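Single-structure report; data block below.
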Amino acid sequence: EVKNSGRNGWQFYTRELQQKSEQRHAMLQALILAINENKLSCHYQPIIDIHSGQVVRCEALARWQRNDGSYVPPYEFITLAEESGLINRIDTLMLENACEQLLASFPDGDIGLSINVSPRLFHSKDHALELWLEKISRYSQNIEITVEITERLITANTDKALGVLSELKEMGVKIAIDDFGTGYSSLGYLVRFPVDIIKIDIEFISKLGRDEGAETLVETILGMADKLGMACVAEGIELSEQLTFLKAQGCQFGQGFYLAKPMPLESFQQFVQQANQRSDTN
Ligand code: C2E
Ligand code: MG
Ligand code: MG
Ligand code: MG
């Protein structure tokens, strides 16, 4: 309450602000330490062909476990990392760790990797982008890599983004639009940019079965993607009814707690073994 609060109120307000900035600073220091000590890890969430049940790839998600065993919510430290520029190091570390782990666990290369990248990396002034591209180019020879970008990346610096995405395409890397439907850019970019996959945001999937508008939107996105020759992944499937709807509408891939939660490498390996064995005998 700043309004009409007089001198004491103002002091209270600034003290609170100062506390917030101290907390942020402490968290930033802890994050730098965690990165330097290689304490960030990858969890893997299966992306599944919902008609066959096969796991086709996984999304690598950053996890930060504090010394007391608790996890810091990703939106907290990813936001902080984006604001401070640390995200470039996280994105590169995640790429490297995930590729090394997947190569060791799936030497046949039959499980692809979907990796998130922050718009900041594309606009970095140091050599972060070159370093990241170099790693992608090396690993993509043995792993099918999909890079997940947001609409934000495309709208921020269109020419640069187009150049980098074309370079990725030449390496055989797939491009996915993450959280599709939540951005504010015009749809024109879908035909101007080399997009392979649309990830329909959880916001729409969670409303299936109780909101006709959301159902119409999902059907429309699926139809549009099909016409444009793009595949769709439905994000955040939590209920069997949602899965049934998506199957009936011809959505090919799904991801969500109903199918599988993000998990450490060992559990992911077991999950793949069971799921892909089951679908082989179908
Ligand atoms: P995202 O890329 O959209 O990742 C999917 C998020 O949805 C993950 O959250 C995942 O745990 C969550 N999710 C999956 N299925 C369900 C479901 O059925 N229900 C619900 N409620 N949630 C589901 P997470 O792991 O908390 O990550 C949040 C965001 O942080 C990610 O959203 C991504 O934008 C960002 N992020 C995570 N790791 C990285 C990274 O290495 N680099 C960058 N740049 N961003 C990252
Ligand atoms: Mg993602
Ligand atoms: Mg997403
Ligand atoms: Mg999201």
Side-chain angles (χ1 to χ4, degrees), residues 31 34-35 38-48 50 55 57-65 70-99 101-102 112-124 128-129 132 135-136 145-153 156 174-183 195-209 221 232-243 245-246 253-264 267-268 271:
L31 182 57
I35 294 172
N38 206 11
K39 290 265 174 63
L40 295 189
S41 61
C42 289
H43 278 191
Y44 300 92
Q45 188 174 29
I47 297 175
I48 292 175
I50 58 180
V55 179
R57 63 176 70 90
C58 56
E59 177 170 4
L61 294 159
R63 293 292 180 264
W64 177 16
Q65 197 170 17
S70 63
Y71 283 99
V72 182
Y75 67 84
E76 270 182 34
F77 74 87
I78 293 290
T79 307
L80 184 65
E82 286 193 324
E83 287 165 2
S84 61
L86 279 175
I87 193 69
N88 294 351
R89 287 186 63 196
I90 295 181
D91 283 347
T92 310
L93 271 175
M94 285 289 293
L95 172 67
E96 188 156 34
N97 290 345
C99 287
Q101 293 196 323
L102 291 181
L113 169 68
S114 208
I115 193 105
N116 293 286
V117 64
S118 157
R120 273 213 67 156
L121 185 72
F122 278 45
H123 309 128
S124 65
L129 177 64
W132 179 84
K135 287 189 197 294
I136 293 246
I145 298 180
T146 302
V147 170
E148 298 193 3
I149 62 172
T150 56
E151 293 174 33
R152 219 162 21 111
L153 181 143
K174 291 195 161 91
I175 310 296
I177 305 293
D178 207 350
D179 306 337
F180 184 81
T182 60
V195 176
D196 302 288
I197 297 165
I198 287 176
K199 298 192 75 175
I200 307 174
D201 195 72
I202 182 171
E203 182 181 330
F204 308 109
I205 306 304
S206 66
K207 290 180 184 150
L208 296 178
I221 295 170
C232 280
V233 177
E235 291 194 275
I237 302 174
E238 291 184 346
L239 302 169
S240 70
E241 293 77 17
Q242 295 163 351
L243 185 64
F245 177 91
L246 290 161
F253 303 106
Q255 179 181 357
F257 294 170
Y258 178 74
L259 299 165
K261 290 195 167 175
M263 55 187 107
S267 317
F268 176 65
F271 184 90

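For clarity, every value in this text was computed on a predicted model and none was experimentally measured. Atoms within each ligand, like the ligands themselves, are counted from 1 in listed order. Note that the numbering runs from 1 along the sequence shown for the chain.
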Query raised in the report: When you look for heavy atoms under 4.0 Å from ligand 1, do you find them on the side chain of Asp178, its backbone, both, or neither?
Result: side chain
Query raised in the report: Of all the atoms in ligand 1, which lie at a distance below 4.0 Å from a heavy atom belonging to Met94?
Result: 41 (O)
Query - Sub-4.0 Å atoms of ligand 1 with respect to non-hydrogen atoms of Glu238 - result: 17 (C), 18 (O), 19 (N), 20 (C), 21 (N)
Query - Subset of ligand 1 atoms that lie under 4.0 Å from at least one heavy atom of Ile202 - result: 19 (N), 20 (C), 21 (N), 22 (N)
**Report entry** N, O or S from Ser114 under 2.8 Å to the Mg ion (ligand 2)
**Finding:** no
Query raised in the report: Can you name the N, O or S atom of Asp178 that is closest to the Mg ion (ligand 3)?
Result: OD1
Report summary line: Nearest heavy atom to atom 22 (N) of ligand 1, choosing from Tyr75, Trp64, Phe257, belongs to Phe257
**Report entry** Glu235 near ligand 1 by a heavy-atom separation under 4.0 Å
**Finding:** yes
Query raised in the report: Any side-chain heavy atom of Trp132 within less than 4.5 Å of one from Val117?
Result: yes
Query raised in the report: Within a strict 4.5 Å, meaning less than it, do heavy atoms of the Asp179 and Glu203 side chains meet?
Result: no
Query raised in the report: With a 4.5 Å limit on heavy-atom distance, are the side chains of Gln45 and Phe257 in contact?
Result: yes
**Report entry** Nearest atoms (heavy-atom pairs only) where Ile205 meets Gly236
**Finding:** CG2-O, 3.9 Å
Query raised in the report: Do the non-hydrogen side-chain atoms of Pro46 and Met263 ever get within less than 4.5 Å of each other?
Result: yes
Query raised in the report: Any non-hydrogen atom of Glu59 lying under 4.0 Å from ligand 1?
Result: yes
Query raised in the report: Does Glu82, backbone or side chain, put an N or O under 3.5 Å from an N or O of ligand 1?
Result: no
Report task. Check whether any side-chain heavy atom of Ile47 sits under 4.5 Å from a side-chain heavy atom of Ser114, and report yes or no. Result -> yes
Report task. Could you tell me whether Ala62 and ligand 1 have an N or O pair separated by under 3.5 Å? Result -> yes
Query raised in the report: In ligand 1, which numbered atoms sit nearer than 4.0 Å to a non-hydrogen atom of Pro262?
Result: 11 (O)
Report task. Check each atom of ligand 1 against the heavy atoms of Arg63 and keep those under 4.0 Å away; list them by number with element. Result -> 11 (O), 25 (O)
Query - Tyr258 vs Leu239 side-chain heavy atoms within contact, under 4.5 Å - result: no
Report summary line: Nearest heavy atom to atom 26 (O) of ligand 1, choosing from Ala60, Pro74, Pro73, belongs to Pro74
Requested in this report: Just do the side-chain contact (heavy atoms from CB on, under 4.5 Å) check on Arg89 and Leu40 with the steps written out, would you?
Outcome: CA-CA 11 Å; Arg89 287 186 63 196; Leu40 295 189; over 6 Å; no
Report summary line: Among N, O or S atoms, Glu59 approaches the Mg ion (ligand 2) most closely through OE2
Query raised in the report: Hey, does Gln45 sit under 4.0 Å from ligand 1 if you only count heavy atoms?
Result: yes
Query - side-chain contact (heavy atoms from CB on, under 4.5 Å) evaluation trace for Leu243 with Leu259 - result: CA-CA 9 Å; Leu243 185 64; Leu259 299 165; 4.1 Å; yes
Report summary line: Nearest non-hydrogen contact to atom 45 (N) of ligand 1 from the set Asp201, Asn116, Asn97, Asn88 belongs to Asn116
Query raised in the report: Glu235: which N/O/S atom is nearest the Mg ion (ligand 3)?
Result: OE2
Query raised in the report: Which atom names give the shortest non-hydrogen contact between Ser84 and Arg120, and what distance separates them?
Result: C-NH1, 4.1 Å
Query - Partners meeting ring pair (Phe, Tyr, Trp, His ring centres under 6.0 Å) with Phe268 (sequence neighbours left out) - result: Tyr44, Phe106
Query raised in the report: Would you call Glu96 and Lys135 a salt bridge, taking side-chain N to carboxylate O under 4.0 Å as the test?
Result: yes
Query raised in the report: Strictly under 2.8 Å, is any N, O or S atom of Asp179 next to the Mg ion (ligand 2)?
Result: no
Query - Heteroatom of Glu148 nearest to the Mg ion (ligand 2) (N, O or S, atom name) - result: OE1
